[in-house]
Amino acid sequence: MNVDPKVIAAVSSAIGLYLQAEQEALPAQGHPSSRPRPPVAFSSPYALAGRQAAMNTRWTWQMRLPR
């Protein structure tokens with residue numbers, strides 16, 4: 001399949017301009033995602049351990065899928 005480098009350049013620049021315009025428009029609209037979020041702190045070691053266990057389980061499944 002032949003892909004013209006000019007087309008790739010045009011598409012990537014259009015996506016870049018779109019993302020830049022979107023980021024510039026967020027603070028002007030007062031969008032909730034434009035405000036900085038406070039860092040997330042786990043309230044207990046049990047919550048942290050539960051999240052770690054879920055991440056380990058997901059990672060295990062991800063490693064088994066390519067087989």
Side-chain angles (χ1 to χ4, degrees):
M1 179 177 164
N2 280 338
V3 179
D4 189 15
K6 291 181 182 179
V7 173
I8 294 173
V11 170
S12 63
S13 69
I15 291 171
L17 288 173
Y18 175 79
L19 292 174
Q20 182 181 6
E22 190 177 61
Q23 289 295 322
E24 290 172 355
L26 285 178
Q29 295 174 354
H31 197 271
S33 66
S34 65
R35 290 178 289 199
R37 295 182 183 163
V40 176
F42 291 100
S43 58
S44 72
Y46 298 106
L48 183 59
R51 180 167 172 80
Q52 185 66 38
M55 298 284 281
N56 285 340
T57 304
R58 185 169 189 264
W59 179 81
T60 303
W61 277 106
Q62 284 179 345
M63 292 297 113
R64 289 183 183 183
L65 288 177
R67 288 190 203 176

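- For the atom pair Gln52 CD and Thr57 OG1, the distance stands at 10.0 Å (nearest 0.5 Å).
- Rounding to the nearest 0.5 Å places CD of Gln20 at 9.5 Å from CD of Gln23.
- Taking Ile, Leu, Val, Met, Phe, Trp and Tyr as members and joining any whose side-chain heavy atoms lie under 4.5 Å apart, directly or through other members, the hydrophobic cluster of Leu19 also contains Val7, Val11, Ile15, Tyr18.
- The side-chain contact (heavy atoms from CB on, under 4.5 Å) with Thr60 is formed by just one residue from the set Arg64, Arg58, Gln62, Met63; it is Arg64.
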